[in-house]
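Right, one structure below, let's go through it.
Lettering of chains follows the sequences in order, A, B, ..., and the numbering in each one begins at 1. These numbers were taken from a predicted model, which means no experiment stands behind them.
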Protein chains: 2
Amino acid sequence: MLNEPKYIIIKKNLQLKIENQDYSLGTKIPSEAELRQEYDVSRHTIRQAISELVNDGYLVKQQGSGTFVSDYYKTRQIGNGKKTIGVITTYLSDYIFPSIIRGIEEELSKHDYSLMLSSTRNNVENEKRSLESMMAQNVDGLIVEPTKSNLMNPNLNYYLSLSEKPTPLIMLNASYEELDLPFVALDDVKAGKMATEHLIDLGHTDIGIITKSDDLQGKNRLKGYLKALYDAKLTFSNEFIMRYDTEAKNDLPSLIRIMLESGQLPTAFVCYNDEIAVMLIKELNDKGISCPDDISVVSHDNSFYSTTLPSVKLTSIEHPKEKLGIQAARSIVQAVENREPITSYIFDPELIIRESTKAIAEKDEIEI
Amino acid sequence: MLNEPKYIIIKKNLQLKIENQDYSLGTKIPSEAELRQEYDVSRHTIRQAISELVNDGYLVKQQGSGTFVSDYYKTRQIGNGKKTIGVITTYLSDYIFPSIIRGIEEELSKHDYSLMLSSTRNNVENEKRSLESMMAQNVDGLIVEPTKSNLMNPNLNYYLSLSEKPTPLIMLNASYEELDLPFVALDDVKAGKMATEHLIDLGHTDIGIITKSDDLQGKNRLKGYLKALYDAKLTFSNEFIMRYDTEAKNDLPSLIRIMLESGQLPTAFVCYNDEIAVMLIKELNDKGISCPDDISVVSHDNSFYSTTLPSVKLTSIEHPKEKLGIQAARSIVQAVENREPITSYIFDPELIIRESTKAIAEKDEIEI
DNA sequence: GTATTATATATGTACGTACGAATTTAGGGG
DNA sequence: CCCCTAAATTCGTACGTACATATATAATAC
């Protein structure tokens with residue numbers, strides 16, 4: 001520390017005086033000759049110190065007149081000091097995403113960070129463009145909800161090159177299993193297990209599932225479902241494990257209809273999310289099947305869909321939503337400030353019991 | 001031109017060679033000593049030229065090793081070309097805002113623009129901070145949904161200083177009447193008039209309204225309501241013009257309850273938006289009053305609330321939502337590209353008739 | 001008092017030397 | 001062939017000088 005170069009010492013000294021307003025905005029600082037005497041160094045050394053300060057925007061030089069404290073450096077400092085976090089999600093306006101984004105925005109604005117937003121509509125090509133755009137904008141950190149997290153993603157090399165750079169990155173909701181990236185998510189395996197166990201506790205032994213195939217959340221919830229069945233030594237029928245992907249979502253109602261018409265049904269369903277659960281219950285009702293009297297349904301995410309059906313409020317696994325966004329933002333801010341690696345954060349699921357699930361015993365009693 | 005300083009000539013020469021890939025990315029350029037010989041100048045002069053190029057990001061120096069062509073300057077160039085639009089709204093996750101933001105994002109991404117997002121939670125202090133932040137970030141355009149547009153806004157001077165700058169600005173949903181800023185919005189006066197006229201057409205003569213006092217939309221919808229009554233030569237009772245502001249929203253249910261208990265009621269209500277309509281209908285039902293059999297309700301915005309009530313789907317004025325966002329984005333992009341002044345865009349309202357309104361004649365018949 | 005001019009002052013360009021510090025390269029020993 | 005060391009290379013710091021150019025100031029002429 002003591003053997004810092006002279007010009008660095010002088011630079012720091014001048015910088016301090018500027019920031020302390022010893023040399024106030026717009027005023028002239030001592031000439032090179034004067035500073036030379038003051039610090040007892042050569043003119044070259046003084047020039048070197050001043051040159052760096054000019055470069056950093058603290059000073060402005062004017063030949064023949066003198067060197068002046070810039071009134072620009074303050075504003076530039078603010079602009080430069082302001083950090084921006086890029087957020088890439090699959091959807092913006094749908095379902096639980098507004099809440100997640102709100103959580104992120106809330107936390108970022110607390111730390112005076114800016115938020116740059118982009119959505120992929122669950123399309124990998126859009127994800128690529130969003131990533132490129134964010135990188136070009138030199139964001140200070142990235143929060144990404146992965147697109148088609150259960151399929152081979154062609155943008156993995158982008159993520160790899162990002163993880164080499166100092167730009168912190170955190171994944172939301174799910175991660176790419178091929179990469180070892182930090183993430184903030186609900187424990188989806190546990191969630192699927194909890195949902196299924198709730199049905200098992202109610203006496204159900206024939207349990208179907210409708211889940212998503214192209215994202216990791218769907219895969220994990222299925223995993224939890226299978227685990228719960230295995231632990232309870234129950235079997236499952238392949239016909240009642242129904243999987244769909246983003247593109248096939250619109251065809252799902254007719255697929256459900258076909259399934260419902262194909263013979264014996266289970267007494268309960270686990271649904272990937274509330275949207276699907278509402279879809280299923282509507283199809284059930286159309287066929288004269290009641291929920292929960294005939295078939296119980298447990299879903300995920302506890303979104304506004306949970307209470308939207310006139311006939312029945314959904315039993316659903318709570319999704320942290322805002323909290324998830326807040327946690328992701330908090331982690332990324334911490335990573336930006338401290339340059340420390342990010343640790344993943346996993347939320348524990350929680351079951352909200354409403355009206356769409358019912359003990360099977362009751363039904364048997366009625367039938368007897 | 002001929003008497004340019006030597007170091008400037010050398011700098012330009014080197015810069016040219018870098019851009020022509022004579023010195024390609026990452027490779028070492030000749031040492032100071034070599035360049036000294038090549039240009040027949042002192043080492044100091046070479047260092048001066050190189051120093052400026054290092055500062056501009058073209059070169060990177062490494063003591064003991066050499067001076068190298070930076071691979072960073074290219075990306076910095078690209079980043080500067082990308083345009084960013086700042087979006088400031090009151091809320092992010094609530095109500096129709098996700099749809100609006102989605103529209104904006106969709107249109108901006110089509111033009112390869114970035115979106116910087118901030119919300120004010122309808123607080124003017126937050127609005128100020130958001131504006132400052134956006135200005136510091138040097139956004140290329142701004143889309144603002146005004147905070148408390150019907151109250152004197154303390155940030156008007158910010159907007160004034162903005163309108164002097166070349167940064168295009170467009171207001172969303174409403175504008176500040178004190179300023180003459182371009183905006184994209186629904187014709188709220190017409191909307192309020194249309195809603196009220198629908199009730200008049202159904203035979204209602206006693207019509208109340210619940211509207212918001214601190215934003216322009218509420219004021220305009222009230223204006224339309226009064227206009228419709230005036231045109232139909234109907235009177236209104238002050239007790240049934242109920243106004244509330246953002247802060248008092250949570251107290252609204254109890255205020256409605258008090259109103260409902262205070263004697264004779266109108267046969268119909270116009271509501272500021274679907275959220276309020278749902279609130280009102282719940283309170284009505286609690287008092288054993290049916291909608292639409294006893295009291296008709298027409299609301300605004302046609303949001304998901306319109307179809308959320310188990311008892312009745314709402315008759316509501318359509319809000320353009322996505323279209324509004326798309327139009328705002330399109331206007332701002334046009335303004336950024338062509339540097340032309342923005343013209344306001346006003347959407348015509350449209351009535352969606354559902355179950356919450358009923359002709360008064362029918363009711364009379366039943367009663368007879 | 002004002003306009004012009006000379007002088008002083010400030011930064012800009014450009015040369016030179018010397019030695020320090022980090023890195024690479026070449027040479028020598030095992 | 002590998003490891004260590006010494007030398008060479010390259011940039012970093014720091015001193016010096018000289019003169020150019022732009023600006024401010026003081027002196028001068030009107």
Side-chain angles (χ1 to χ4, degrees), chain A residues 1-18 22-73, chain B residues 1-18 22-73:
Chain A
M1 211 54 169
L2 274 170
N3 50 2
E4 268 190 329
K6 289 184 186 176
Y7 79 98
I8 294 283
I9 296 171
I10 296 170
K11 177 190 166 185
K12 283 187 177 170
N13 206 315
L14 292 174
Q15 199 171 336
L16 209 72
K17 285 189 175 170
I18 293 168
D22 287 352
Y23 300 147
S24 53
L25 290 181
T27 59
K28 196 170 117 174
I29 68 163
S31 73
E32 290 176 358
E34 284 169 319
L35 288 171
R36 213 194 100 156
Q37 283 192 3
E38 185 180 337
Y39 290 101
D40 193 30
V41 292
S42 75
R43 188 178 159 215
H44 173 80
T45 306
I46 294 291
R47 283 180 66 79
Q48 211 168 347
I50 287 177
S51 141
E52 295 216 347
L53 288 170
V54 167
N55 233 300
D56 292 348
Y58 285 91
L59 296 174
V60 178
K61 297 210 274 188
Q62 197 167 354
Q63 191 180 158
S65 178
T67 304
F68 303 85
V69 178
S70 167
D71 54 351
Y72 187 59
Y73 91 99
Chain B
M1 214 52 167
L2 274 171
N3 50 2
E4 267 187 333
K6 290 184 185 176
Y7 81 98
I8 292 283
I9 295 170
I10 296 169
K11 177 190 166 184
K12 283 188 178 171
N13 205 316
L14 292 174
Q15 198 171 336
L16 210 72
K17 284 188 175 171
I18 293 168
D22 287 352
Y23 299 146
S24 53
L25 291 182
T27 58
K28 196 171 116 174
I29 67 164
S31 74
E32 292 175 357
E34 284 169 319
L35 288 171
R36 214 193 99 152
Q37 282 192 3
E38 187 181 334
Y39 290 100
D40 194 30
V41 292
S42 74
R43 188 179 157 215
H44 173 81
T45 306
I46 294 291
R47 283 180 64 80
Q48 212 167 349
I50 287 177
S51 142
E52 295 216 348
L53 288 170
V54 167
N55 234 300
D56 291 349
Y58 285 91
L59 295 174
V60 178
K61 297 208 274 189
Q62 196 165 355
Q63 189 180 156
S65 178
T67 304
F68 303 85
V69 178
S70 167
D71 56 349
Y72 187 61
Y73 88 99

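- Under the rule for a side chain to side chain contact (heavy atoms under 4.5 Å, CB included), the partners of B/Q48 that lie at least two apart in sequence or sit in another chain are B/Y7, B/H44.
- Residues passing the side chain to side chain contact (heavy atoms under 4.5 Å, CB included) test with A/E34, sequence neighbours excluded: A/P30, A/S31.
- When distances run from any side-chain atom of B/K6 to the nucleotides C/dT24, C/dA14, D/dT23, the shortest one goes to C/dA14.
- Close to C/dA10, at under 4.0 Å from its OP1 or OP2, lies no side-chain N or O of A/K61.
- Side-chain proximity of A/Q63 to D/dC11, C/dT23, C/dG12: nearest is C/dG12.
- Checking A/I8 against A/S65, the closest nucleotide of DNA chain D that is more toward the 5' end is the one next to A/I8.
- Residues that satisfy the side chain to side chain donor-acceptor pair (under 3.5 Å) test with B/R36, not counting sequence neighbours, are absent from this structure.
- Contact check, A/T67 against C/dT11: a side-chain N or O comes under 4.0 Å of OP1 or OP2.
- Remark: B/V41 in residues 28-41 of chain B come within less than 4.0 Å of DNA chain C through at least one heavy atom.
- With sequence neighbours excluded, the residues satisfying side chain to side chain donor-acceptor pair (under 3.5 Å) with A/S42 are A/T45.
- For B/Q63, there are no side chain to side chain contact (heavy atoms under 4.5 Å, CB included) partners two or more places apart in sequence or in a different chain.
- Of the residues in residues 44-53 of chain B, those placing a heavy atom less than 4.0 Å from an atom of DNA chain C are B/H44, B/T45, B/Q48, in numerical order.
- For B/S42, the side-chain atoms get nearest to C/dC15 when compared with the rest of C/dC15, D/dC15, D/dT23.
- Both A/Q62 and A/Y7 lie near DNA chain D, and the one whose nearest nucleotide falls closer to the 5' end is A/Y7.
- Looking at residues two or more places apart in sequence or on another chain, you find a side chain to side chain donor-acceptor pair (under 3.5 Å) between B/Q15 and B/Y58.
- In this view, B/Q37 satisfies the side chain to side chain contact (heavy atoms under 4.5 Å, CB included) rule with no residue, not counting sequence neighbours.
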Quiz item: Should A/I29 and A/K17 be marked as a side-chain contact (heavy atoms from CB on, under 4.5 Å) after you check the CA-CA gap, both sets of side-chain angles, and the distance that decides it?
Solution: CA-CA 10 Å; A/I29 68 163; A/K17 285 189 175 170; over 6 Å; no
